[in-house]
2 protein chains.
Amino acid sequence: MRHKGPIGNQDLVKKINMEHTIRTILAHRPLSRAKIASLTGLNKMTVSSCVDLYLQKGIVAELGTTGTSRGRPPILIDIDETGGICVGVDVEINQFTVLVTDLSGKKLESEVYPLEDKDPLYFVEAITRILANLAGVHNQRRLGIVGVGVVIQGYYNHNTNIVGFSANLQEWNGFHLMEELSRRNPSLLFYVKPAPYAGAMGEIHFGRSRLVEHLVYVTSSWGMSVGVYNKGELFTGSTGTAGRLGHSTIHMNGKKCTCGNRGCWEMYASIKALYQQLEQTPQQVPFADIVDNVNRGDSQTTSAVHELGHYLGIGLVNVINAYNPGVICIGGLLGLLGQPLLNSIWGTLRESIPARFLEGLDIYCSDLGELGVAYGAVSLVLDQLPGTIIRYALLEQV
Amino acid sequence: MRHKGPIGNQDLVKKINMEHTIRTILAHRPLSRAKIASLTGLNKMTVSSCVDLYLQKGIVAELGTTGTSRGRPPILIDIDETGGICVGVDVEINQFTVLVTDLSGKKLESEVYPLEDKDPLYFVEAITRILANLAGVHNQRRLGIVGVGVVIQGYYNHNTNIVGFSANLQEWNGFHLMEELSRRNPSLLFYVKPAPYAGAMGEIHFGRSRLVEHLVYVTSSWGMSVGVYNKGELFTGSTGTAGRLGHSTIHMNGKKCTCGNRGCWEMYASIKALYQQLEQTPQQVPFADIVDNVNRGDSQTTSAVHELGHYLGIGLVNVINAYNPGVICIGGLLGLLGQPLLNSIWGTLRESIPARFLEGLDIYCSDLGELGVAYGAVSLVLDQLPGTIIRYALLEQV
DNA sequence: TTATTTTGTATAACTATTATACTAAATTTC
DNA sequence: GAAATTTAGTATAATAGTTATACAAAATAA
């Protein structure tokens with residue numbers, strides 16, 4: 001059992017510096033070689049050699065000079081964002097959404113497909129056809145499909161690559177999703193994550209939390225869960241179920257939950273709980289109407305949302321104590337409730353946690369909108385993009 | 001704001017391979033050069049050159065040959081565990097314990113000192129004298145004091161290096177501990193962590209969890225808190241208060257807590273709660289007597305411990321959902337309650353979490369005994385030992 | 001005694017970084 | 001308007017750690 005991490009040699013050195021270079025370009029583009037050198041601390045020549053490699057492979061391009069300051073004008077380098085596409089797939093109960101972006105994350109197209117059959121193999125076959133079609137349409141792009149992020153209902157065991165437990169799509173339980181996807185699409189890279197994890201990653205790449213190191217993403221569509229982003233990566237726990245807080249106990253003698261436990265957070269603070277409080281169903285009152293009612297100031301809805309925020313706040317006490325995040329993002333349908341919900345949450349937090357533990361904490365509602373989860377799926381690809389690019393650039397032959 | 005991680009050059013390569021070498025020696029000592037090469041994947045010559053450097057500096061030594069298999073007998077290499085000392089300091093309310101070990105973590109000596117003055121400067125002056133004395137006593141050791149782990153009451157902000165909040169030693173709140181320690185001991189490396197974090201690290205280095213990747217350490221001496229170890233490092237959160245679960249809500253309309261919140265876990269599952277349940281105080285009945293009573297089967301104590309385990313279990317539901325650990329270790333005084341407590345915990349867990357989320361989970365009571373926290377302090381030093389050794393070995397001049 | 005096996009070293013080739021010197025191309029100054 | 005200055009980028013040779021090859025050392029097996 002050998003010690004972790006690659007061994008040190010020239011290949012590793014090259015890889016590391018190629019990574020510094022591409023990450024810096026991605027973060028500050030467009031950029032001159034000189035600027036890359038000063039930002040990374042790399043030697044000018046090292047930067048030139050890395051950039052040359054990327055240029056050769058057509059991954060970056062020279063944009064020409066811009067004469068702003070004095071001295072020889074810099075040649076701006078930029079990634080060719082049209083050189084490949086990212087695919088994000090959000091699998092819901094009755095449908096799945098496919099979002100296609102360029103390498104900068106800019107949306108190119110999105111489409112919703114029905115999930116006609118709950119059998120996961122149906123999905124695998126369907127997405128395989130869609131991906132084959134996308135590969136054809138975008139075949140002039142040098143890098144093709146750089147990765148496919150798949151956001152699933154339920155948990156995902158990253159050790160076994162098996163769908164762990166999906167309350168909404170029971171047929172998927174125990175399915176070897178990665179294996180089936182990879183077998184049918186051997187040239188493609190897949191990244192599978194549960195929705196709250198992808199939500200967290202989405203906020204880091206597309207939301208208000210670009211440079212954040214510690215974020216917790218809270219989401220409820222019907223049940224509830226959270227995703228934890230910590231110092232550059234998702235906190236998954238040993239088998240991929242970290243953040244299953246919908247079933248954490250906030251009221252030990254409270255309402256009986258479907259999971260068998262009592263007083264689960266999602267019995268009080270989920271969309272499900274909100275509908276119960278309103279004595280309505282989504283069939284009777286679509287969630288958009290509830291949002292409208294809150295924004296209009298409807299008293300019954302407002303008070304229900306206030307109560308929801310109170311219970312959300314109680315659970316967030318536990319989130320804050322458990323993870324000590326710098327930022328909490330409320331996503332999913334919950335996030336659409338906006339400021340009224342936040343006000344209520346803060347009221348409860350201030351009563352429940354000494355102020356020193358709330359200092360600097362930012363809580364906001366996601367503003368990624370309807371495609372939020374699909375953007376989360378794309379962010380799984382973007383997160384690995386530097387590695388993908390480097391591997392391509394360092395290939396011996398094209 | 002430049003991208004994280006060092007840039008790639010030959011120095012880095014050397015450092016990486018020196019690290020592979022020393023970590024492999026530490027993990028499998030004693031070891032031949034050939035074995036190091038095969039374990040690490042490094043080239044034989046690379047291993048030879050790294051080992052030579054360590055030999056030159058006297059950090060490792062050749063033990064001579066052992067002719068087991070056929071072929072030329074290997075020369076065994078081992079670290080000189082007497083080449084330096086680790087110091088661990090456990091600061092409690094009225095006293096502090098200093099544990100001295102060799103580089104393998106073997107205890108050399110330990111001593112308890114009274115904390116005569118609550119002013120943190122008193123402690124700083126006292127430990128400075130003790131360290132100066134230790135440095136003198138062990139001055140024949142090449143590396144001297146390789147590090148000092150300090151375990152404090154309360155939290156510690158790793159960004160500001162200020163003691164965050166200490167309920168038991170209020171005088172320490174806001175104290176620049178690291179600065180004061182380093183100013184007086186400029187040649188020493190200090191590692192400061194709250195007790196539950198050090199507890200977790202101690203289990204990884206000294207306890208039953210050597211190769212564990214995901215561990216949560218739960219401790220109560222009076223209040224409660226947890227430390228989370230995740231994939232090689234402590235999970236601290238953004239400001240170092242992650243794991244403050246003693247004040248997480250398990251009963252939202254429950255007992256009023258000193259923190260202002262209601263239904264905090266530690267109102268039900270801490271040593272404090274146990275004494276309240278027993279209507280006793282530690283002055284009347286030392287904790288050791290409670291442990292004796294449980295082991296003797298005293299009915300009142302047994303039922304109180306059973307209840308404690310039930311409440312612990314409820315909070316552990318939240319721990320399991322939040323962190324998805326592979327191992328939970330019960331430490332501090334709580335851990336002394338042993339199997340009766342574990343039985344009660346498991347009873348509650350099985351009622352509260354579907355079995356699939358408990359699969360493979362190991363829960364045990366720490367068996368590190370009285371010096372457990374002090375060993376945790378030493379483990380903070382051992383955790384950084386490879387880095388310390390490498391820095392020393394790569395120094396230009398001695 | 002010889003062949004084989006395994007350990008460890010010596011040597012030269014390889015390659016990415018790096019320091020130095022240099023060219024390129026702009027603005028500022030005189 | 002020419003010269004000086006400043007900044008960007010390249011060319012070249014030096015440096016240094018890994019690595020492949022060959023080889024020496026020291027044991028067992030045949």
Side-chain angles (χ1 to χ4, degrees), chain A residues 5-21 24-25 28 30-56 60-78 390 393-394 396, chain B residues 5-21 24-25 28 30-56 60-78 390 393-394 396:
Chain A
I7 65 174
N9 55 25
Q10 311 254 59
D11 286 357
L12 179 68
V13 168
K14 191 75 205 171
K15 215 183 292 178
I16 288 173
N17 292 338
M18 289 291 280
E19 176 157 0
H20 280 292
T21 303
T24 305
I25 293 172
H28 301 87
L31 217 55
S32 67
R33 290 173 176 81
K35 201 85 194 178
I36 296 172
S38 76
L39 281 169
T40 56
L42 291 168
N43 185 286
K44 283 196 300 180
M45 279 309 300
T46 305
V47 171
S48 277
S49 101
C50 289
V51 168
D52 281 354
L53 262 175
Y54 286 128
L55 280 170
Q56 271 175 41
V60 303
E62 296 188 333
L63 296 188
T65 60
T66 51
T68 53
S69 63
R70 72 183 181 172
R72 170 173 166 178
I75 304 168
L76 291 182
I77 308 288
D78 199 0
I390 292 160
L394 294 179
E396 281 306 306
Chain B
I7 64 174
N9 55 26
Q10 309 261 52
D11 286 358
L12 180 69
V13 167
K14 191 75 204 171
K15 217 184 291 177
I16 287 174
N17 292 338
M18 290 289 281
E19 176 156 359
H20 281 291
T21 303
T24 305
I25 293 173
H28 300 88
L31 218 55
S32 67
R33 291 172 175 83
K35 200 87 195 175
I36 295 172
S38 76
L39 281 169
T40 56
L42 291 169
N43 184 286
K44 284 196 298 179
M45 279 310 300
T46 307
V47 172
S48 276
S49 101
C50 288
V51 168
D52 280 355
L53 262 175
Y54 286 128
L55 279 171
Q56 269 175 42
V60 303
E62 296 188 332
L63 295 189
T65 61
T66 51
T68 53
S69 63
R70 74 182 180 172
R72 170 174 166 176
I75 305 167
L76 291 181
I77 308 287
D78 197 2
I390 293 158
L394 295 178
E396 280 307 306

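Just so it is clear, the model here is predicted, and its values are computed rather than measured. Residue numbers start from 1 in every chain, and the chains themselves are labelled A, B, ... in the order their sequence lines are given, proteins ahead of strands.
In this structure, the side chains of B:Ile77 and B:Ile25 come closer than 4.5 Å at one or more pairs of heavy atoms. Between B:Leu394 and B:Leu53 there is a side-chain heavy-atom pair separated by less than 4.5 Å.
Minimum atom distance to the side chain of A:Thr46 is reached by C:dT17, of the listed D:dG9, C:dT17, D:dG17. Distance from the side chain of B:Pro73 is smallest for D:dA27 among the nucleotides D:dA27, C:dT7, C:dT17. When distances run from any side-chain atom of A:Asn17 to the nucleotides C:dT18, D:dT19, C:dT17, the shortest one goes to C:dT17.
Partner B:Val60 forms a side chain to side chain contact (heavy atoms under 4.5 Å, CB included) with one of B:Asp78, B:Leu55, B:Thr21 and no other, that one being B:Leu55.
The residue B:Asp11 sits apart from the nucleic acid: no heavy atom pair falls under 4.0 Å. Across all strands, A:Lys14 comes closer than 4.0 Å only to sugar-phosphate atoms, never to a base (heavy-atom distances). B:Leu42 comes within 4.0 angstrom of nothing in the nucleic acid, heavy atoms only. Using a 4.0 Å heavy-atom cutoff across all strands shown, A:Thr65 reaches no nucleic acid atom at all.
Counting distance only, with no hydrogens placed and no angle test, the side-chain atoms of A:Arg72 and the base atoms of D:dT7 include no donor-acceptor pair under 3.5 Å.
Between A:Asn43 atom CG and D:dT15 atom P the separation is 16 Å, expressed in whole Å. Rounded to whole angstrom, the span from the CG atom of A:Asp52 across to the P atom of C:dT15 amounts to 18 Å. Look at CD1 on A:Ile16: it is 13 Å from P on D:dT18, rounded to the nearest Å. Between A:Leu31 atom CG and D:dG9 atom P the separation is 10 Å, expressed in whole Å. We find that CD1 of A:Ile7 is positioned 10 Å from C1' of D:dT19, with the value rounded to whole Å. Rounded to whole angstrom, the span from the CZ atom of A:Arg70 across to the P atom of C:dT29 amounts to 7 Å. At whole-Å resolution of the value, CG in B:Leu76 and C1' in C:dT7 are 12 Å apart. If you measure from atom CG of B:Leu55 to atom C1' of C:dT9, you get 14 Å, rounded to the nearest angstrom.
Proximity of A:Ser48 to the phosphate of D:dG9: no side-chain N or O atom is located under 4.0 Å from OP1 or OP2.
Mapping A:Lys44 and A:Ser49 onto DNA chain C by nearest heavy atom places A:Ser49 closer to the 5' end of the strand. Residues A:Gly8 and A:Met45 both approach DNA chain D. Their nearest nucleotides, taken by heavy-atom distance, put A:Met45 toward the 5′ side. Across the interface with DNA chain D, nearest-nucleotide mapping of A:Ile75 and A:Asn9 shows A:Ile75 to be the residue nearer the 5′ end.
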Side chain to side chain donor-acceptor pair (under 3.5 Å) between B:Ser49 and B:Lys14, intermediate numbers included: CA-CA 10 Å; B:Ser49 101; B:Lys14 191 75 204 171; 2.7 Å; yes
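With hydrogens and angles disregarded, a donor-acceptor distance shorter than 3.5 Å links the side chain of A:His20 to the backbone of B:Pro6.
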